[in-house]
Amino acid sequence: MKRKIGLIGGGQIGGNLALLAIQKQLGDVVLYDIPQAEGLVKGKALDINQLTAVEGYDCRVTGTTDWNQVRGSDVLVITAGVPRKPGMSREDLLEVNLKIMRDVAANIKQYCSNAFVINIANPLDAMVFALYKITGFKKNQVVGMAGVLDTSRFKFFVSEALGCSIRDVEALVLGGHGDDMGPLIRHAIVGGGRLTQLLNKEEIDDVVRRTRDGGAELVALYKTGSAYFAPAASAIAMAESYLLDRKRVLPCTAYLDGEYGIRGYFMGVPAQIGAGGVEKIFELALNENEKAEMDKSFDSVKKTVASVKL
Ligand SMILES: NC(=O)c1ccc[n+]([C@@H]2O[C@H](COP(=O)([O-])OP(=O)(O)OC[C@H]3O[C@@H](n4cnc5c(N)ncnc54)[C@H](O)[C@@H]3O)[C@@H](O)[C@H]2O)c1
C-alpha cells in the first residue's frame with residue numbers, strides 16, 4: 001500500500017516538498033492549507049499531477065483545506081507559518097507562528113495521532129517544543145528540520161572554498177537554528193583530511209559566517225520570504241529515512257532527555273531516523289570550546305522557549 005504524506009502549509013516550501021515527494025515516489029501527498037489558500041494548494045496539486053506522465057510517477061497530490069483528507073498520514077511536514085522578511089530574526093516570528101502552531105498541532109492530535117511529525121516553521125526550536133507539548137506525542141514522534149539544511153549549507157561553502165566535490169565533505173552543524181548555531185570545524189573532514197589543515201583561519205571563519213547567515217542571506221535576496229528549495233530537500237531526506245527505515249544519522253532538532261546534559265528541550269543533534277521515528281541520539285565527544293558553543297546556543301533556545309505560552 002502506498003504511504004501517505006501530509007504537508008501542512010502549501011506555500012513556497014510546501015509546494016517544493018510535494019514535488020520532491022512525488023519525484024522520489026515516496027507516497028501519495030496531501031497538501032493542506034487554510035481556506036484562503038484553497039486555490040493555491042489545489043493549483044499546485046493539479047500542476048504537479050500533470051507532470052506525473054512525463055516520468056511515469058504513480059503517486060498523486062491532493063490539494064485540500066479539509067483536515068479529514070489529511071487523516072491517517074504516515075508522516076507530516078509542517079511549514080504552516082510566516083517566513084522572515086529582511087531585517088527580521090527567526091525569533092520575531094514567534095507570536096504569529098505560535099498562533100498558527102496551536103491550530104495545526106491540535107488538528108494533528110485529532111487527525112493524525114500515529115504520524116511521525118517533522119516541523120519546519122520558525123523559530124524552529126521553540127515551534128517544535130510547542131508542537132510536542134500541544135500534541136502530547138511521544139518524544140521520538142516529533143522532530144524539527146534545521147540541521148540537515150544548516151549542514152548542507154556548511155558543506156556547500158566548504159566545497160566552494162576548496163573547489164572540491166561536495167560528496168567528499170563530511171561535516172555537521174550542532175545546536176539551535178539561530179544565529180549562534182554551531183558548525184563543528186574540528187569534526188569536518190574532506191577526503192579523509194581535516195578541514196583545519198585544508199583551509200586557513202580566515203577561510204574557515206568565512207565558511208562559518210556564511211553558514212550561520214545562510215538563511216539571512218537568502219531573505220535579503222528574496223525580499224518577500226525565505227529559502228525554500230534547500231529546506232524542502234532537507235525535510236524530504238528526513239521523511240524518506242523514516243518511511244524507508246533507512247536509519248540515517250541526520251542532524252535533527254530532537255527532544256533531549258539528558259543527552260548533552262540537556263533535558264526537556266529540543267536541540268540540533270545527530271539523530272537516527274528510522275521506522276521508529278527518532279530512534280537514537282548520537283552523543284559526540286565535544287571539547288571545551290564546542291561545549292561552550294552548545295551551551296550558548298542552548299541559552300538562546302531556552303530564552304525563546306520561555307516565551308512560548310501554550
Ligand atoms: N527550519 C528551517 O530551516 C526553515 C528554513 C526556511 C524557512 N523556514 C520557515 O518555514 C515556514 C514556511 O516558509 P514558506 O517559505 O513555505 O512560507 P509561505 O508563506 O510560502 O507558506 C506558508 C503557508 O502556511 C500557510 N498557513 C498559514 N496558517 C496556516 C494554518 N493554520 N494551517 C495550515 N497552513 C497555514 C499559509 O497560508 C502559507 O501558504 C516559515 O515559518 C519559515 O520561517 C524554516
Side-chain angles (χ1 to χ4, degrees), residues 6-20 30-45 63-67 69-70 76-86 88-108 111-112 118-128 130-131 134 143-154 173 175-179 181 211-219 221-238 250-253 266 268 301 304:
L7 305 177
I8 312 306
Q12 296 283 38
I13 304 177
N16 280 293
L17 286 167
L19 178 61
L20 288 170
V30 177
L31 188 60
Y32 170 89
D33 210 306
I34 49 177
Q36 296 90 309
E38 184 172 14
L40 184 80
V41 281
K42 294 211 155 139
K44 286 188 183 183
T64 186
T65 59
D66 179 2
W67 269 99
Q69 299 220 45
V70 186
L76 293 173
V77 186
I78 305 172
T79 60
V82 174
R84 288 194 278 172
K85 302 265 169 11
M88 288 176 88
S89 76
R90 295 179 178 91
E91 288 69 28
D92 292 336
L93 301 170
L94 181 69
E95 205 180 311
V96 56
N97 282 352
L98 186 56
K99 209 166 142 212
I100 294 172
M101 181 56 85
R102 285 195 199 102
D103 165 56
V104 166
N107 279 300
I108 288 176
Y111 291 94
C112 303
I118 303 167
N119 174 58
I120 299 185
N122 274 319
L124 194 275
D125 311 270
M127 298 301 282
V128 68
L131 170 70
I134 297 166
V143 73
M145 187 295 293
V148 177
L149 172 64
D150 297 331
T151 296
S152 183
R153 286 175 174 157
F154 186 23
V173 177
H177 184 53
D179 295 338
M181 65 179 78
T211 302
R212 286 193 170 136
D213 295 347
E217 188 175 354
L218 282 160
V219 170
L221 288 168
Y222 282 147
K223 293 194 174 65
T224 54
S226 52
Y228 46 93
F229 292 122
S234 304
I236 287 292
M238 295 167 68
L250 298 168
C252 302
T253 303
F266 285 81
V301 169
T304 314

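Because the structure is predicted, anything quoted here is derived from the model rather than measured. Atoms within each ligand, like the ligands themselves, are counted from 1 in listed order.
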Which atoms of ligand 1 have any heavy atom of [X] under 4.0 Å away?
{"X": "Tyr32", "value": "32 (N), 33 (C)"}
{"X": "Asn97", "value": "41 (O)"}
{"X": "Leu93", "value": "43 (O)"}
{"X": "Leu124", "value": "1 (N)"}
{"X": "Leu149", "value": "3 (O), 5 (C)"}

Note the single closest protein heavy atom to [atom], along with its residue, its atom name and the distance in Å.
{"atom": "atom 31 (N) of ligand 1", "answer": "Asp103 OD2, 2.9 Å"}
{"atom": "atom 41 (O) of ligand 1", "answer": "Val82 O, 3.0 Å"}
{"atom": "atom 27 (C) of ligand 1", "answer": "Ile100 CD1, 3.9 Å"}
{"atom": "atom 22 (C) of ligand 1", "answer": "Gly81 O, 3.2 Å"}
{"atom": "atom 30 (C) of ligand 1", "answer": "Ile34 CG2, 3.4 Å"}
{"atom": "atom 12 (C) of ligand 1", "answer": "Thr79 O, 3.0 Å"}
{"atom": "atom 44 (C) of ligand 1", "answer": "Ile120 O, 3.0 Å"}
{"atom": "atom 5 (C) of ligand 1", "answer": "Pro231 CG, 3.7 Å"}

Are any side-chain N or O atoms of [X] and backbone N or O atoms of [Y], one a donor and one an acceptor, separated by less than 3.5 Å?
{"X": "Lys44", "Y": "Leu31", "result": "no"}
{"X": "Asn97", "Y": "Val82", "result": "yes"}
{"X": "Asn16", "Y": "Ile13", "result": "no"}
{"X": "Asp33", "Y": "Gly10", "result": "yes"}

About how many Å separate [atom2] of [Y] and [atom1] of [X], when rounded to the nearest 0.5 Å?
{"X": "Leu93", "Y": "Thr304", "atom1": "CG", "atom2": "OG1", "answer": "11.0 Å"}
{"X": "Ile8", "Y": "Cys112", "atom1": "CD1", "atom2": "SG", "answer": "6.5 Å"}
{"X": "Cys252", "Y": "Ile118", "atom1": "SG", "atom2": "CD1", "answer": "8.0 Å"}

Does CG in Asp179 sit with more than 12 non-hydrogen atoms of other residues, nucleotides or ligands closer than 6.0 Å?
no
Considering [options], which one's heavy-atom position lies nearest to [atom]?
{"atom": "atom 23 (C) of ligand 1", "options": "Val96, Asp33, Ile13, Val219", "result": "Asp33"}
{"atom": "atom 15 (O) of ligand 1", "options": "Arg153, Glu38, Gln12", "result": "Gln12"}
{"atom": "atom 9 (C) of ligand 1", "options": "Leu218, Asn122, Asp150", "result": "Asn122"}
{"atom": "atom 19 (O) of ligand 1", "options": "Gly11, Pro83, Ser234", "result": "Pro83"}

Residue pair Lys85 / Val219: nearest heavy atoms and the distance that separates them
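Closest approach of Lys85 to Val219, heavy atoms only: C-CG1, 3.4 Å.
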Kindly give the heavy-atom pair with the smallest separation between Pro86 and Lys223, and that separation in Å.
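Closest approach of Pro86 to Lys223, heavy atoms only: CD-O, 3.1 Å.
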Kindly assign one of parallel, tilted or perpendicular to the pair Trp67 and Tyr32, based on the angle between their ring planes and the thresholds 30° and 60°.
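Trp67 and Tyr32: tilted rings.
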Among the heavy atoms of Ser226, does any lie under 4.0 Å from an atom of ligand 1?
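Judged by the 4.0 Å heavy-atom criterion, Ser226 does count as contacting ligand 1.
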Proximity flag Tyr228 to ligand 1, non-hydrogen atoms under 4.0 Å:
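In this structure, Tyr228 fails to qualify as a contact of ligand 1 - no heavy atom is under 4.0 Å.
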Note: Arg90, heavy atoms under 4.0 Å from ligand 1, region reported as neither
Exercise: do Asp150 and His177 side chains pair donor with acceptor under 3.5 Å:
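The answer is yes; a qualifying pair exists.
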